[in-house]
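First comes the structure, then the notes that go with it.
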Amino acid sequence: MKFKGEDCNAMKKAVVIGGSGFIGSHVADHLSDAGYHVVIYDCNNSKWLRSDQEIIVGDVLDDDKLNLVISGAEVVFNFAALADLNKAIDQPVETININVLGTVKVLVACKKNNVKRFIYASTIYVHSHEGGFYRCSKQAAEAYVEEYQRTYGLDYTILRYGSLYGPRADETNGIHRIVKSALENNIVKYEGNSESMREYIHVYDAAKASVDILNDNFINESIVLTGQEPMRVLDMLKMLAEILGIPEGNIEFIDGHYTGHYIRTPYAYQPKLGKKYIPPLHVDLGQGLIQVIGGISGNKID
């Protein structure tokens, strides 16, 4: 299979895996604007595919299709993920398959095809106690990305996104859900703690930054992409209510414990300290070695 633009040496090929989604589609557009020949690889067709872009529909776990699509690419972005925290809680195996195994399969294809840079879409939740299985999967995937560079020399940039908002979002996006509910019910409703704070970043800004990092200054770096400063969710809700002409009395918090969602800051993660336990009675090393020798030589010693 030959892609459009393959014979045009002036255009570098960029593959955007998960490029039919919210942030991925915007990054694909910025790549096209920057002069890249963009090929989107996604399990769904894109509603926002441009005439100067291509799309191949396929699964991130399909090795053959990944190799086909990534062949000839200079840079590969991976946005394919099960990214809904609540869904990840109920689907831990699927979260591993897409977020961890899928990432490793992309890394293998990138190495095979001599890709110059792999860009991994991660999350600020990697520094959090929260985030549930989603956070676990992103931590594991980041570790694989870093180890792949150490072992095989595949350069990367990890992008840790904060609270994104803007056009093309769906029901999995927090602000999208709030605005949609407000328009339908004339109530600005937030499911979460009333003390919550977020660093909102518009998807345009995040997408532009995601392409800007392709310069050499960001090789093998992890970059946090969030808003300029923390903001109380309550202040954002008041702003939205004012824009829509909704009285402040119609702002509601559905307070409760929402598993996996941080309140004020995600930056709280530290590996749990390991405690060393030495059994009071233990096998002598010399005797243990004799036992191993006996097992291998056939003179088993119990």
Side-chain angles (χ1 to χ4, degrees), residues 17-18 20-26 42-44 59-61 78-103 120-142 159-185 187-203 206 224-227 230-234 236-237 240 251-269:
I17 300 172
S20 294
F22 176 36
I23 177 65
S25 65
H26 285 287
D42 201 296
C43 58
N44 299 305
D59 196 303
V60 73
L61 300 178
N78 185 22
F79 292 98
L82 195 162
D84 187 302
L85 271 65
N86 297 324
K87 286 185 179 179
I89 290 170
D90 297 325
Q91 301 177 45
V93 175
E94 186 70 6
T95 302
I96 292 171
N97 284 337
I98 299 173
N99 296 4
V100 183
L101 181 58
T103 299
Y120 180 62
S122 188
T123 172
I124 56 173
Y125 273 100
V126 294
H127 289 303
S128 178
H129 288 305
E130 303 298 340
F133 297 127
Y134 171 69
R135 180 256 303 165
C136 295
S137 70
K138 288 296 185 177
Q139 287 174 337
E142 281 199 15
L159 300 178
R160 294 174 180 154
Y161 293 99
S163 298
L164 294 165
Y165 73 98
R168 304 182 186 175
D170 59 18
E171 294 290 336
T172 63
N173 180 264
I175 287 189
H176 177 89
R177 289 197 303 270
I178 293 168
V179 173
K180 186 172 184 289
S181 176
L183 290 171
E184 292 174 348
N185 306 306
I187 297 173
V188 181
K189 186 187 305 181
Y190 180 74
E191 297 181 357
N193 192 289
S194 59
E195 299 296 321
S196 294
M197 299 189 72
R198 293 293 184 268
E199 295 181 28
Y200 296 109
I201 180 170
H202 195 282
V203 68
V224 175
L225 291 178
T226 65
M231 179 181 192
R232 292 196 308 164
V233 171
L234 177 59
M236 183 275 292
L237 299 180
L240 177 61
I251 296 175
E252 294 182 0
F253 278 90
I254 303 175
D255 213 344
H257 180 66
Y258 292 90
T259 303
H261 297 265
Y262 69 90
I263 296 176
R264 294 180 184 84
T265 175
Y267 304 114
Y269 176 74

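Predicted model, so just to flag it, every value in this text is computed and none were measured.
Listed by chain and residue number, nothing satisfies the salt bridge (Lys or Arg N to Asp or Glu O under 4.0 Å) test with K87 (two or more places apart in sequence, or in another chain). Residues passing the ring-ring contact (aromatic ring centres under 6.0 Å, His included) test with Y200: none are found, sequence neighbours excluded.
Side-chain atoms of H127 and R135 form no donor-acceptor pair, as typed in the model, at a separation below 3.5 Å. Defined by atom type and a distance below 3.5 Å, a donor-acceptor pair is missing between the side-chain atoms of R160 and S122.
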ask   = Run the side-chain contact (heavy atoms from CB on, under 4.5 Å) check on K138 and Y125 step by step: do they pass?
value = CA-CA 8 Å; K138 288 296 185 177; Y125 273 100; over 6 Å; no
Test side-chain contact (heavy atoms from CB on, under 4.5 Å) applied to H176 and Y165, step by step = CA-CA 7 Å; H176 177 89; Y165 73 98; over 6 Å; no
message = Quick one, I23 with F79, criterion side-chain contact (heavy atoms from CB on, under 4.5 Å). Give me CA distance, side-chain angles, the key distance, then yes/no.
response = CA-CA 8 Å; I23 177 65; F79 292 98; 3.7 Å; yes
query = So I175 and V179, side-chain contact (heavy atoms from CB on, under 4.5 Å) or not? Walk me through it.
reply = CA-CA 6 Å; I175 287 189; V179 173; 4.0 Å; yes
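Judged by distance alone, with hydrogens and angles left aside, the side-chain atoms of S20 form a donor-acceptor pair with the main-chain N or O of N44 at under 3.5 Å. Under the 3.5 Å distance criterion, the side-chain polar atoms of E199 are left unmatched by any main-chain donor or acceptor of T226. Checked by atom type and distance alone, the side chain of D59 pairs as donor or acceptor with a backbone atom of L61 at under 3.5 Å.
Side-chain contact between R198 and M236 is absent, with no heavy-atom pair separated by less than 4.5 Å. Side-chain atoms of Y120 and T103, non-hydrogen and from C-beta on, do get closer than 4.5 Å to each other. In this structure, the side chains of D42 and I17 stay at 4.5 Å or more apart for every pair of heavy atoms. The side-chain heavy atoms of S196 and F253, taken from C-beta on, include no pair separated by under 4.5 Å. You'll find the side chain of R168 stays beyond 4.5 Å of the side chain of V203, heavy atoms only. Proximity of N173 to F22: side-chain heavy atoms (C-beta onward) are separated by under 4.5 Å at one or more points.
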Donor-acceptor pairs are to be reported for all side-chain atoms of residues 93-100 against protein atoms at under 3.5 Å, with residues two or more places apart or in another chain.
| from | atom 1 | to | atom 2 | distance (Å) |
| --- | --- | --- | --- | --- |
| T95 | OG1 | Q91 | O | 2.7 |
| N99 | OD1 | L82 | N | 2.8 |
| N99 | ND2 | L82 | O | 3.1 |
| N99 | ND2 | S137 | OG | 3.0 |

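Residues Y161 and A121 share a closest heavy-atom pair of CE1-CB, 3.8 Å. Heavy-atom minimum distance, V60 versus G102: CG2-O, 3.8 Å. Between H202 and G166 the shortest heavy-atom distance is NE2-CA, 4.0 Å.
How far CD of E142 is from OG1 of T123: 9.0 Å, rounded to the nearest 0.5 Å. Atom CD1 of I201 is separated from atom OG of S163 by 10.0 Å, given to the nearest 0.5 angstrom. Atom CG in N78 sits 11.5 Å away from atom CG in L159 (nearest 0.5 Å).
Annotation for F133: atom CZ does not count as buried by contact number, only 12 or fewer foreign heavy atoms lying within 6.0 Å.
Using a 4.0 Å cut-off between charged side-chain N and carboxylate O, K180 and E184 make a salt bridge.
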